[in-house]
Amino acid sequence: MKPDSPVLRGEPDVGDAPSGPGQAPAPPGQAPAFPGRGRRRIAALVGAGPVGSRLASVFLAVVVLCAILAPLAAPYRPDAIDFAVSLSPATPEHLLGADQSGRDLLSRVMYGARTSLIGPLVLLAVASVVGVAIGTLAAWSRGWVDAVLSRVTDVMYAFPGLLFVVLVVAVFGNGMTTAVLALGLAYAPTIAKYTRSIAITECAKPYIDAYRVQGMGSLAICVRHLIPNLARSLVGYLVVLFGEGLMSLATLSFLGFGAQPPSSDWGLMVKEGQAAIVQGAFLPVLVPGAAIALVVVSFNVIGVRLADRLGTRRL
Amino acid sequence: MALRVARKLAGLVATLLATSFIIFGAAYAAPGDPVTFLAGGKENLTPEYLAAVRAQYHLDDPFSVQYGRWLWDALNGDLGRSFQYNDEVLDLLAARLPTTLGLVAYATVLFVVIGVALGVLAAVRGGRTDSTVVAGTTFATSVPPFVAATALISVFGVQLGWFPVAGGGSFTHLTLPAITLALGAVAIISRVTRQAMVEQRELDHVTVARASGLAERLIVVRHVFRGALGPVVTMCGLVSAGMLAGTVTVETVFGLSGIGSLLVGAINTHDFPVTQAVLLLMVVAYITVTTLVELAQPLIDPRARIERSRA
């Protein structure tokens, strides 16, 4: 048993989720009408639901807006140094205070939202492309291909925590690009395992055989029909992974392996603000730290809710 | 049974070989000449130095021979010399391992006691206690250890002054780091405990015990908790095995000189022999402990014996 298996305990439930697009064999030649419906469903989720997930969605929307509008909305440049206000507490000029070099923390955290959100996005894109490809290949071909791929992913699992990423960083050097790509590779086995488990149930459904009988190639069935039908379950999973990815990436930046100064990545901000704690100034650490924690909590809350609603988890 | 153990051990050896191969081969994946990479930087590239590195890594031999020698040396305790500290890697590890192991042991005690207690409490009390524990653990898993650590330092180290802010050596120095390390683990363990207890409670033999008038406390201790013990113990083992990797962040935040901070320092100074050795140690410990936990499962949970032998 691997530590992650409790997370995946709900796997067998995936297949018999109600109202799945793949449930009724789709009429040949007509792609399941997933994308449009899915988007509306996600929009409905954001509006409805318990207070927790609604708050989380609003908060994330604000963070994303801050990231996009940072150049317009931020009161200062993120790298504007002003030693006169070094370690300033919250004042009307600096709403969230300033760090050791007198850089405005509000502006830095707003600009930092850009790297801190785009990083996990790219890493998940890398991880899902690799992971979904491997998982689908394993589930589709079974036999020795499946066995070999499972062994390979098992070896990746043998590295606890972030150690695989740390090894990659040690070899290829520090930096955001290396960190993001390495984390993407490190997350791929998790996604591959999950994809494989849901793809196996999906492959057993009659519509797959129906396409095969029509003479459609394996690749076409997988890309055009199988994977779109898996997307529904994968989205909920990816939302939770996004929070985790943000956390891992921030940790790498904190250790000095990811974003490098003068970036205002949140992990790096905590690292740089740490020295000020001893001087009694908590804001330089508190602001980015709270930003990380709140964003991750929000993603987890929404992820769980999505998973519930999309039938990935039984209610 | 013997066959199962043998198969598990064979799998253990195969995984160990594969991971050691990755850790060794990583040096060759680096761009440029491996000598330059292994020597750790451009400034110390005298010809004698390069020759020494070449000799230490047997770089003139074929790749497979190099790997074999490296593995053989590692098994015999020769992990090479650190370029940064100019010292045997093994001595560096030996000097720093006690801190790390103490930290992990301290954190393990904390997360087992608190995690199981919270899980049992949530399952038995239900209602508001349950939802509080679930909400609390959800939040705890969302806070990265380095953020939790800085928060703990701010509150208990600086403002209240209860614990030293950084440095190591004593029990009080290890308290805040151990709490940080245990935080995520408490969340996992309490969830697993709660889930296992809730599942056990629904079973027929518990209903029978309740119907025959057994005191609720005894039902919980003897039947529900006993039945839930299997997954809980397994999870505790797996989590504490993974903690060795967790020390990388925690030791860095608190400035403890254990093997976790040694690894971070080694990477930032391009000290590859040390990086390799620490990674190897952490991965070997992790794989070995997780395999042992899996092997021990039937000893804790008699049901696992029956299921396994049927399968």
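Computed from a prediction, not measured in an experiment: that's the story for all the values here. So you know, we letter chains A, B, ... as the sequences are listed, proteins then strands, and number each from 1. These values consider heavy atoms only, across backbone and side chains, with no hydrogens, waters or symmetry-generated copies.
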Is it the side chain or the backbone of [X] that comes within 4.5 Å of chain B heavy atoms, both, or neither?
X: Val285(A); result: side chain
X: Phe257(A); result: side chain
X: Val166(A); result: both

Side chain, backbone, both or neither: which part of [X] has a non-hydrogen atom closer than 4.5 Å to chain A?
X: Ile23(B); value: both
X: Val248(B); value: both
X: Ala151(B); value: neither

Top of [options] for chain B proximity - count of heavy-atom pairs under 4.5 angstrom:
options: Val270(A), Thr251(A), Val155(A); result: Thr251(A)
options: Val295(A), Val296(A), Val171(A); result: Val171(A)
options: Phe282(A), Phe172(A), Phe164(A); result: Phe282(A)

Restricting to non-hydrogen atoms, name the atom on [X] and the atom on [Y] that form the minimum distance, rounded to 0.1 Å.
X: Ala26(B); Y: Leu167(A); answer: CB-CD1, 3.8 Å
X: Ala158(A); Y: Thr19(B); answer: CB-CG2, 3.7 Å
X: Pro160(A); Y: Gly242(B); answer: CB-CA, 4.4 Å
X: Phe272(B); Y: Ala170(A); answer: CE1-CB, 4.3 Å

Chain A: which of [options] shares the most heavy-atom pairs with it under 4.5 Å?
options: Asn268(B), Thr275(B), Thr15(B); answer: Asn268(B)
options: Ile287(B), Val278(B), Ile267(B); answer: Ile267(B)
options: Ser154(B), Gly11(B), Ala241(B); answer: Ser154(B)

Spatial distance of atom [atom1] ([X]) from atom [atom2] ([Y]) [nearest 0.5 Å]:
X: Met156(A); Y: Ile22(B); atom1: CE; atom2: CD1; value: 7.5 Å
X: Phe254(A); Y: Thr150(B); atom1: CZ; atom2: OG1; value: 7.0 Å
X: Leu162(A); Y: Thr249(B); atom1: CG; atom2: OG1; value: 6.5 Å

Problem set entry | Heavy-atom donor-acceptor pair, Gln274(A) side chain to Val253(B) backbone, under 3.5 Å |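 Here the side-chain-to-backbone pair exists.
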Exercise. Which of residues 139-146 of chain B have a heavy atom under 4.5 Å from any heavy atom of chain A?
Worked result: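 The list, in residue order, reads Phe139(B), Thr141(B), Ser142(B), Val143(B), Pro144(B), Phe146(B).
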For this session: Return yes when atom CZ of Phe156(B) has more than 12 non-hydrogen atoms of other residues, nucleotides or ligands closer than 6.0 Å, and no otherwise.
Result: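 Open.
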